[in-house]
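This structure is a prediction, so every number in the text was calculated from the model and none was measured. Just the heavy atoms: all of them, side chains too, but no hydrogens, waters or symmetry mates, feed the values below. Protein chains get the first letters and strands the later ones, always in sequence-line order, with residue 1 at the start of each.
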Amino acid sequence: MQAAAADAGGPAGGADNSREGQGQGQGGCGGLCSAGTEAAVAGAAPRVPRPQHAPGPGGDALSTTGRPETRTHIFALGVPFPSQLEAEIACASLAPDREPHGGIVEKQLTVTDSVLAVRWRAENSRLLRISIINFLDQLSLVIRTMQRFGPPVSR
Amino acid sequence: MPAVLGFEGSANKIGVGVVRDGAVLANPRRTYVTPPGTGFLPGDTARHHRAVILDLLQEALTEAGLTSQDIDCIAYTKGPGMGAPLVSVAVVARTVAQLWNKPLLGVNHCIGHIEMGRLITGATSPTVLYVSGGNTQVIAYSEHRYRIFGETIDIAVGNCLDRFARVLKISNDPSPGYNIEQMAKRGKKLVELPYTVKGMDVSFSGILSFIEDVAQRMLATGECTPEDLCFSLQETVFAMLVEITERAMAHCGSQEALIVGGVGCNLRLQEMMETMCQERGARLFATDERFCIDNGAMIAQAGWEMFRAGHRTPLSDSGITQRYRTDEVEVTWRD
C-alpha cells in the first residue's frame, strides 16, 4: 500500500494520487487486486482559536477553560477490483454495518468503474485508526471469499 | 424443497450449517477457547472467526454433498451478539449471496435456537427457557411473536458461570460451563448463596459478586472445596431458572417446556427442570450439544422457515445489530 505525502488541506491531492501506480503489481491480494491498494492521508486543520478570558471580579487566578481543539481527519482508500461487478459486490458486503461510537467516525463507500473508494471522516485519531484497521481486516476477508468462492455467476 | 445455508458467529463459536426440509445436512463448528482465567474479547474472537470461516463453509457444502447452485438462500445471524464477530460472519454471507446470486436472510439468534429446538424435539407449543452465555429468557409463542415472559435483569446465567470459572481458573476447554458441571458432580457441601428471583425475572450479578468475594476466603480457610462452590452455584442459579419457567408455564397453562441455548446442555439443569415438569404433569424437551450450543444449522433452520414464509433481507438492511429483541421479529410462519 502506498501512502501519498500528506498535503495540508488535501483531499484533492489524495484523490489524484490514488490513480497513480495502478500498474505496479504490488500483489498481496493475489489476482484480484494486482496493483495493491493506495491510501492517501490528509489532516485538515480548521483550528478553533482559544477564547480570551477577562479576569473575574476580585482578580482571582483563572484556569483556562478554552474549548478543546477539534481537528477533522480525512483518510481515503482506493481498492481496485478486476471488474465493476466485483467492486460493487465488495461494496455491498462492507457498507451495511454501522460504525460504533455514534458518529465520531464516519465512512462512505462508493464504486467508480472497478475501484471501491472508501473515505473516512473522524474527529478522533485513535478511533479512526481502529476503524481503518477493522475495515482492512473485513476487506481482506471479503477478498478471500471472492477468490475462493467466486467468480460471480452470470446474472 | 429449499436448501438453506446458515452462518452463526455471534459469540466464540463459529458454525456453518445446511438444512433442507427439516433435515440437517451439515453442521460443522469451531470454538475460540481462551486460556483459563480469561474470557473472549470481541476483536480476538472476530480474528478467529475470519481465519476459519471459509474452511467451515467448504466443509459444510462438502458434507451436505451440495454445490453453491443447490443452495436456495443464505441465512446469517443479524444479532444479537458481539459486534466484530457478527460483522466478520455477515460480510461472508453477503459476499456469497451476491457471488451466487441467492437471496439473503438476517436471522435473530434467539429465534434460531427456538426453531432448532422445535425441529429437533418436535415440541408443539412449549414454554422455552433460553439460557446461554449471552442470553437468559423465558419465551412463549403468542400471536406471531415469540414473547419474552421473563428474563435476566442484568447478566445471563451462562455469563455468571463463565466469569465464576475465571475466578477459579477453571479451563475453558471445551467450555467453562461444561467443566463447572463436571466439578459440581463431586461437590458435597451446599454453600448458601444469594437467590434472586424478581417476579418473572432473575438477576445474577449479585450472586456473581458474592461468590467472587467469598470464593478466595472460603477456599483459603478450607471451609469448602472448589467442587462445593461449583455445586452450590449450579443448584442456586438453576433453581432460580426453574422457578421463573414454572411461573410462565402456570400463566400460559403450558404442558411443554423446552430448554435451548448452551447452558441447556447441562444435565443437572435438565434434571431439575424434569422434576418440576413431572410435578405439573408437563413434558420436558431438550437437545444435545450439537444443537444447544450455538451452531450454523439453527440459523439455517430459522432461515428456512422465514424463506418459505416470504421474508427477505435486502443488502442495505442487512447490517448487524448487537441488540435484537426476540419479540421484534414477526413470526409469520406459525399460526
Side-chain angles (χ1 to χ4, degrees), chain A residues 29-33 79 81-111 114 116 118 126-155, chain B residues 5 7 9 14 16 42-61 67-71 74 76-79 81-102 104 106 313-323:
Chain A
C29 303
L32 213 50
C33 317
V79 187
F81 283 86
S83 68
Q84 180 162 15
L85 175 59
E86 281 155 299
E88 284 169 352
I89 289 175
C91 186
S93 294
L94 292 162
D97 300 307
R98 283 198 303 246
E99 287 288 311
H101 308 124
I104 302 180
V105 178
E106 288 166 6
K107 67 179 195 292
Q108 254 186 333
L109 282 76
T110 49
V111 173
S114 61
L116 171 64
V118 192
R126 185 183 68 87
L127 293 178
L128 172 62
R129 183 185 71 86
I130 292 170
S131 175
I132 294 166
I133 289 175
N134 288 340
F135 179 82
L136 292 173
D137 287 336
Q138 307 294 10
L139 170 68
S140 167
L141 176 59
V142 167
I143 290 170
R144 283 190 287 123
T145 307
M146 292 169 85
Q147 288 175 319
R148 200 154 158 187
F149 294 98
V153 301
S154 53
R155 268 95 171 105
Chain B
L5 183 67
F7 290 88
I14 171 142
V16 181
D44 302 328
T45 307
R47 196 165 305 122
H48 167 271
H49 290 357
R50 286 194 295 262
V52 302
I53 185 172
L54 298 182
D55 289 339
L56 272 176
L57 171 54
Q58 189 58 64
E59 257 180 71
L61 291 173
T67 67
S68 57
Q69 289 321 301
D70 301 319
I71 301 291
I74 312 288
Y76 70 101
T77 305
K78 190 183 202 328
M82 300 170 90
L86 283 169
V87 173
S88 297
V89 173
V91 297
V92 173
R94 293 181 198 124
T95 304
V96 296
Q98 293 177 86
L99 286 173
W100 304 341
N101 201 18
K102 305 289 180 183
L104 187 67
T313 303
L315 278 163
S316 51
D317 283 344
S318 69
I320 61 99
T321 170
Q322 291 185 240
R323 307 222 182 299

- For the candidates B:V91, B:L315, B:L54, which exhibits the highest count of non-hydrogen atom pairs separated by less than 4.5 Å from chain A? B:L54
I'd like a table of the N/O donor-acceptor pairs between chain A and chain B - cut-off under 3.5 Å, distance only.
from, atom 1, to, atom 2, distance (Å)
A:I89, O, B:Q98, NE2, 3.1
A:S93, O, B:R94, NH1, 2.8
A:S93, OG, B:T95, N, 3.3
A:S93, OG, B:T95, OG1, 2.9
A:S93, OG, B:Q98, NE2, 3.0
A:D97, OD1, B:R94, NH2, 2.8
A:D97, OD1, B:I320, N, 2.8
A:D97, OD2, B:R94, NH1, 2.9
A:D97, OD2, B:R94, NH2, 3.2
A:D137, OD2, B:R50, NH2, 3.3
A:Q138, OE1, B:S88, OG, 3.4
A:Q138, NE2, B:S88, OG, 3.4
A:R144, NH2, B:R50, O, 3.2
A:R148, NH1, B:D55, OD1, 2.8
A:R148, NH2, B:D55, OD1, 3.0
A:F149, O, B:W100, NE1, 3.3
A:V153, N, B:L99, O, 2.8
A:R155, NH1, B:Q98, O, 3.4
A:R155, NH2, B:Q98, O, 2.4

- Min side-chain heavy-atom separation A:F149-B:V92 under 4.5 Å: no
- Query: Given a strict heavy-atom distance threshold of 4.5 Å, which part of A:A95 is in contact with chain B: side chain, backbone, both, or neither?
  - Reply: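 Answer is neither: A:A95 stays 4.5 Å or more from chain B.
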- Query: Contact part of A:P100 toward chain B, heavy-atom cut-off under 4.5 Å: side chain, backbone, both or neither?
  - Reply: neither
- Item | Part of B:L104 lying under 4.5 Å from any heavy atom of chain A |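 When you check distances to chain A, no heavy atom of B:L104 falls under 4.5 Å.
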- Query: What part of B:A84 is in contact with chain A, defined as an atom under 4.5 angstrom from a non-hydrogen atom: side chain, backbone, both or neither?
  - Reply: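 The backbone, not the side chain.
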